[in-house]
Amino acid sequence: MHDPDPTFMHDNYDDIRDFPLAGGDVIVSGFPKSGTNWMQVMLSGLWDGWGTLSGGSRQVPNLSGKDRPGYRGYLACVESPSPRLMKTHLPVDLMPRAWPEKGKVVHITRNPKDVCVSYFYEVKGLGTHAAGSRYVTGDGFSIHDFAEQFARGEVPYGPYTDNVIGWRRTEHPNLLKITYEQARADVRATLAQVIEFVGRPVSPERLAEVIARTEFNAMRNSDLRFEINHADLREGREDATPFMRKGIVGDWKRELSTYDSELIDAAVVARLESAGVHLTYELSRT
């Protein structure tokens with residue numbers, strides 16, 4: 001099951017499945033609010049020459065997204081020359097048929113409790129301002145309401161479990177699987193993995209610069225946030241909430257009630273672990 005919001009999803013899956021991937025293309029994939037935006041900005045900074053960034057825009061387009069003012073989607077991808085840097089929230093079974101023989105995927109997974117919290121604020125903000133969205137939340141919509149929907153898999157691009165398990169069970173040399181928690185704990189080591197996987201060298205000086213510029217708080221307060229599709233959707237209004245909120249591993253402990261945490265344990269974590277997917281829910285302090 002895959003249930004995207006049609007407000008933001010390209011309306012023809014066959015187009016996506018038939019996308020003409022080339023050998024130099026790189027796709028950052030992951031369930032929404034798993035760190036795909038952070039990762040794509042880092043990758044766009046590590047290398048020059050991305051075809052999807054050659055027209056003056058620094059926004060990495062969404063392969064499965066619907067093109068609209070301020071949002072670069074499928075058309076921006078297909079009209080760009082290779083090598084292309086793209087992103088997607090698609091499950092693995094809806095990826096272009098040319099992959100994994102052509103192109104490479106960096107897939108990022110984040111623990112479901114932090115995803116749930118971050119996604120609640122995302123959906124609550126976007127649902128109010130996205131005309132035609134099925135996920136209009138209303139003023140009384142609470143994090144408890146969203147946690148129940150998340151546990152049932154009834155959220156945009158859900159269920160989370162299907163998406164994550166499908167990707168984590170896939171093995172191929174053209175797929176690199178990382179976790180958000182791993183990247184937050186040691187971004188330099190994680191990017192070293194990505195650089196080796198992509199197979200294009202990066203100088204130590206450039207790597208250090210990218211790490212410094214994309215440190216979460218620095219990026220949230222700089223123009224780099226505008227390299228993300230629709231980062232400005234909620235900025236400049238009285239009800240604005242920042243596109244990049246906290247990025248903290250374990251923020252769920254401050255936001256979720258015991259009931260909601262246990263609900264996600266029973267409905268989501270248990271299924272992940274039965275499928276062999278064991279994630280980190282807080283970083284140890286040393």
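Here the structure is a predicted model, which is why all the values come from computation and not from measurement. What you see below is based on every heavy atom in this structure, not just the backbone, and it leaves out hydrogens, waters and symmetry mates.
Side chains of Ile27 and Met95 form a contact here, defined as non-hydrogen atoms less than 4.5 Å apart. Here the side chains of Thr52 and Val60 are not in contact, with every heavy-atom distance at 4.5 Å or above. Side-chain contact between Ile165 and Arg271 is present, with at least one heavy-atom pair separated by less than 4.5 Å. Taking 4.5 Å as the limit, some side-chain heavy atom of Arg72 sits within range of a side-chain heavy atom of Leu53. With contacts defined as side-chain heavy-atom distances shorter than 4.5 Å, the pair Leu63/Tyr74 qualifies. Using a 4.5 Å heavy-atom threshold, the side chains of Thr179 and Thr280 count as separate. For the pair His107 and Val92, the minimum side-chain heavy-atom distance is 4.5 Å or more. Within the 4.5 Å cutoff, the side chain of Val268 has heavy atoms near those of the Tyr160 side chain.
Of the possible polar contacts, none joining the Arg68 side chain to the Gly73 backbone as a donor-acceptor pair under 3.5 Å is found. Judged by distance alone, with hydrogens and angles left aside, the side-chain atoms of Asn163 form a donor-acceptor pair with the main-chain N or O of His89 at under 3.5 Å. Side chain of Arg58 to backbone of Ser44: a donor-acceptor contact under 3.5 angstrom is found. For the pair Asp25 (side chain) and Arg84 (backbone), a donor-acceptor distance under 3.5 Å is present. Judged purely by atom type and a 3.5 angstrom limit, Asp114 uses its side chain to pair as donor or acceptor with the backbone of Gly250. With hydrogens and angles disregarded, a donor-acceptor distance shorter than 3.5 Å links the side chain of Asp67 to the backbone of Leu75. Glu181 contributes a side-chain N or O that, together with a main-chain N or O of Asn111, makes up a donor-acceptor pair within less than 3.5 Å.
Between Asp251 and Arg254 there is a salt bridge, since a side-chain N of the basic residue sits under 4.0 Å from a carboxylate O of the acidic one.
Legend: residues meeting side-chain hydrogen bond (donor to acceptor under 3.5 Å, both in side chains) with Ser34, ordered by chain and number and at least two apart, are absent.
The environment of NZ in Lys102 is sparse: at most 12 heavy-atom neighbours from other residues, nucleotides or ligands sit within 6.0 Å. In this structure, Glu196 places its CD atom where only 12 or fewer heavy-atom neighbours from other residues, nucleotides or ligands lie under 6.0 Å away.
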Checking Lys113 against Ser261 for the side-chain hydrogen bond (donor to acceptor under 3.5 Å, both in side chains) test, could you report, in this order, the C-alpha distance in whole Å, the side-chain angles of both residues, the deciding distance, and whether it holds? CA-CA 7 Å; Lys113 294 185 181 183; Ser261 175; 2.7 Å; yes
Run the side-chain hydrogen bond (donor to acceptor under 3.5 Å, both in side chains) check on Lys87 and Asn37 step by step: do they pass? CA-CA 8 Å; Lys87 70 172 286 184; Asn37 288 317; 2.9 Å; yes
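None of Leu90, Val155, Thr161 except one satisfies the side chain to side chain contact (heavy atoms under 4.5 Å, CB included) rule with Phe31; the exception is Val155.
Between Trp99 and Trp167, the two ring planes are tilted [angle within 30° to 60°]. Relative orientation of the Phe146 and Tyr119 rings is perpendicular, given thresholds of 30° and 60° on the angle between their planes.
The cationic group of Arg200 lies under 6.0 Å from the six-membered ring centre of Trp50 and within 45° of the ring axis, placing it in a cation-pi geometry.
The hydrophobic cluster containing Tyr13 also contains Val105, counting ILVMFWY residues as joined when their side-chain heavy atoms lie under 4.5 angstrom apart, directly or transitively.
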